Amino acid sequence: MRLIGVELRRAFARRLTKLLIVVSIAGIVAAGIAVYFHSNRATAEISPAAPKIEDFKNGAFQDCVNGGPLDFPTPPTALPPVGSAQRAGACRDLVDQLQFNQAVDKRFHVTQLADVLQHVSAFAAIIAWLLGSSLIGAEWRTGSMATLLTWEPRRIRVTMAKAFAAVVAAFIIVMVLQGLLVGALYPAARFRGSTAGATHEFWRSLSYLGLRSGGLAAGAALIAFAVASLGRSTAAALGAGFGYLALVEGALLGALVPSSRPWLIVRNAVVFITDRRAFDVPGRSPEQAGLLLLGYALGFLLIAALVNQQRDVN
Amino acid sequence: MAVIEVEALHKEFRRLRGGRTIAVDGLDLSVPDGGVFGFLGPNGAGKTTTIRCVLGLVRPTAGKTRVLDADANRLHTVIDRIGSIVETPTFFPTFSGRRNLRLLGRIDGIGAAAVEQVLERVGLAERGADIFKNYSLGMKQRLGIAAALLREPELLILDEPANGLDPAGIKEVRQLLRSLADEGRTVFLSSHQLGEVQQICDRVAILARGKCIAQGEVADVLSRGQTARMVVKVENVDGALQVLTGAGFDAHVERDEILVTAPASDGARISRTLALKRIYVAELRPKEVSLEDVFLQLTEGGS
């Protein structure tokens, strides 16, 4: 426990951690101010939205059914073919999930916080990746790992303590940043936008989304930690992460081997955060996707721990 | 009782592009309890690799190591009785020296007071708040020694602890190590600063090409290193050399002195031989053998 405590202290005392927190907070404050002034309560009063929203929905539905260009946040990848019997039903489901209120209403709605957190979760995962990889990568680069191992030679224990610190640090930082983000955006909805829909159920759902986002960040930190342990460098983890996610998952497996899609990290991460199971991994719940990602992360950690157990420390 | 035992230790490093380097080649070593044990060898002799094997940082290719009666797999059971420095000590570069020590200390529940004590002992108390990466090499060494002392260890394994220190610092470290040994601790000191080693060590081992070529008490190692020689100073060097070699002595000139291969007990015979030819000695003394002489003779012979 003492070792974990030391590693947690170190994780939070690192300059990179402080820098990321400060930059993130600055971004959150800037976003809060920007949204506050961009949100305009007057627009709601001059635009009775319902008929216009219906027009947009119908247009989007027709575009979807006919295979036209879709202006959706996440382009669907698993829609039935154009002209098939299932196409119309899938398009109806798709269109019903979309929010059209912004098209005619420039107010910031508190219900938009869910969209914001979903999008921010990708940045949170990147921050966590950086934190997790640099926590161990910097130790290998500077050589301080050797010093630590002369104090605690049980390498598995050291690796696990550091991994735990990386996960906890990433989770706490992301949860706090999300809290601050919600706090920064809420005044825009409260004073210059709309708090309609802010029911108990909404806040519960938003909290669960925030937890999942924190969990995704923790998983990213753990995988990055494991990869950086194997490569003994932060750069190795950053390079491997980018190379795998962009090239292997994005270009090769995702495009050329459709059967691999249900097992890819990015697609399961999307399901885990957005619950859009119909598009990316049919039939998989966020919880199932989360468990799969957790399995991947623990697998990476186990490999890293076993490899480090055998390798020389020079 | 031996505090460090190394038995037939062998370590090979394989290169990615093929080939291999033998760093330690069947090393046997026994470090007794108490005193200062000097571990000497030229660069690349395998000193640091041996220390890394002993501390569990490097896996031996073959052979065994035992420290404080614990083998490599049980090293964690005795690690809190060991303080060590391996090469240049490395800590978290953006933390202060004090913070680095406190973090290390926390692992064993060692408090801030003990950290201040060791900082004071190594002369870093006033610079403890400085960032580690801004330390000079000598200060980094001092911090490494402080970290090694933090656990009040009974065995100190120090790899070139005086590296980068100025003469005053070297003297301080020498006194510190001697005082630690006098407190009953065992100090295992790897160094190439042979003058220092000779002054503070009770026993030494000399390593060359991964093998131990001499081991024992300093006096024993000195005596086995070189044949006894006498230094003769005279006005007529050439004449004296001719007389001595004519009388059957093995002699040669080195600078303005004649070196005669003979024990000190032959001093009278040398003096008499020269005097009979009316050559009178200005100086006649045994040539002192330094650890450096022995070291060079043994390691060059080994190579």
Side-chain angles (χ1 to χ4, degrees), chain A residues 1-22 131 134-162 164-166 169 231-234 236 306-314, chain B residues 11-14 23 48-49 51-61 67 70 72-80 82-96 99-110 131-133 140 143-144 147-148 150-151 153 157-159:
Chain A
M1 284 307 290
R2 284 195 191 125
L3 186 57
I4 291 173
V6 166
E7 291 303 330
L8 275 172
R9 278 172 182 272
R10 194 176 77 78
F12 282 106
R14 298 183 69 231
R15 278 203 310 195
L16 180 69
T17 308
K18 291 175 181 170
L19 181 71
L20 286 173
I21 290 173
V22 168
L131 282 174
S134 72
L135 186 77
I136 188 75
E139 285 227 45
W140 284 115
R141 186 176 55 79
T142 60
S144 53
M145 180 61 96
T147 302
L148 179 60
L149 289 174
T150 60
W151 275 69
E152 175 49 89
R154 287 170 288 189
R155 297 188 191 182
I156 296 279
R157 183 176 285 220
V158 169
T159 303
M160 293 303 167
K162 286 183 178 294
F164 185 78
R232 294 190 172 182
S233 112
T234 306
L306 292 176
V307 169
N308 274 334
Q309 175 76 358
Q310 297 303 319
R311 287 174 72 185
D312 290 342
V313 178
N314 291 308
Chain B
K11 179 62 187 177
E12 276 179 26
F13 291 105
R14 291 174 197 280
T48 300
T49 303
I51 288 176
R52 287 182 187 280
C53 287
V54 166
L55 291 172
L57 296 173
V58 162
R59 311 266 166 208
T61 309
V67 189
N73 294 329
R74 304 283 302 159
L75 185 62
H76 64 275
T77 60
V78 295
I79 198 73
D80 59 348
I82 302 169
S84 59
I85 299 178
V86 185
E87 290 188 315
T88 304
T90 45
F91 294 92
F92 303 124
T94 56
F95 291 1
S96 69
R99 185 171 208 169
N100 269 299
L101 290 192
R102 285 187 178 174
L103 280 174
L104 270 184
R106 275 180 191 277
I107 296 173
D108 279 7
I110 297 169
I131 300 298
F132 177 73
K133 71 176 179 182
K140 287 177 180 173
L143 191 68
L150 201 51
R151 283 167 153 168
I157 299 175
L158 306 174
D159 187 13

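Keep in mind that what you see is a predicted model, and the values were worked out from it rather than measured. The chains referred to below are lettered A, B, ... by the order of the sequence lines, with proteins before strands, and numbering in each begins at 1.
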Close approach to chain B in residues 140-147 of chain A, criterion heavy atom under 4.5 Å: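 Counting heavy atoms that sit under 4.5 Å from chain B, the residues of residues 140-147 of chain A involved are A:Thr142, A:Gly143, A:Ser144, A:Ala146, A:Thr147.
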
Might you point out which heavy atoms bring [X] and [Y] nearest each other, and give the distance in Å?
{"X": "B:Asp108", "Y": "A:Arg2", "value": "C-NH1, 3.5 Å"}
{"X": "A:Asp312", "Y": "B:Lys11", "value": "OD2-NZ, 2.7 Å"}
{"X": "A:Trp151", "Y": "B:Ile79", "value": "O-CG2, 3.5 Å"}

When only pairs under 4.5 Å are counted, which of B:Leu104, B:Val86, B:Ile85, B:Thr94 shares the most heavy-atom pairs with chain A?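 Heavy-atom pair counts peak at B:Leu104.
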
Please identify, among B:Ser84, B:Gly144, B:Ala148, B:Gly109, the residue contributing the most non-hydrogen atom pairs under 4.5 Å to chain A.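 With the most close heavy-atom pairs to chain A, the winner is B:Gly109.
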
For B:Asp80, check salt bridge (Lys or Arg N to Asp or Glu O under 4.0 Å) against everything at least two apart and list the hits.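 Scan of B:Asp80 (salt bridge (Lys or Arg N to Asp or Glu O under 4.0 Å), adjacent residues dropped) gives none.
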
Heavy-atom side-chain contact between A:Arg9 and B:Arg106 under 4.5 Å: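 They are in side-chain contact.
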
Enumerate, atom names and distances included, each donor-acceptor pair closer than 3.5 Å involving a side-chain atom of residues 13-22 of chain A, sequence neighbours excluded.
unit_1  : atom_1 : unit_2   : atom_2 : d
A:Arg14 : NH1    : A:Ser134 : OG     : 2.8
A:Arg14 : NH2    : A:Ser134 : O      : 3.3
A:Thr17 : OG1    : A:Ala11  : O      : 2.7

Counting heavy atoms not belonging to A:Phe12, are there more than 12 under 6.0 Å from its CZ?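 Buried by this count: over 12 neighbours within 6.0 Å.
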
Gap separating the CD atom of A:Glu7 from the CD1 atom of B:Ile107, nearest 0.5 angstrom: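 Answer for the CD-CD1 pair, A:Glu7 versus B:Ile107, is 7.0 Å.
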
Spacing of A:Glu152 atom CD and B:Leu75 atom CG [to the nearest 0.5 Å]: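 The CG atom of B:Leu75 is 9.5 Å from CD of A:Glu152, to the nearest 0.5 Å.
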
Please list, chain by chain and in numerical order, all residues satisfying side chain to side chain contact (heavy atoms under 4.5 Å, CB included) with A:Gln309, sequence neighbours excluded.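 Partners of A:Gln309 under the side chain to side chain contact (heavy atoms under 4.5 Å, CB included) test: A:Arg155, A:Ile156, B:Arg59.
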
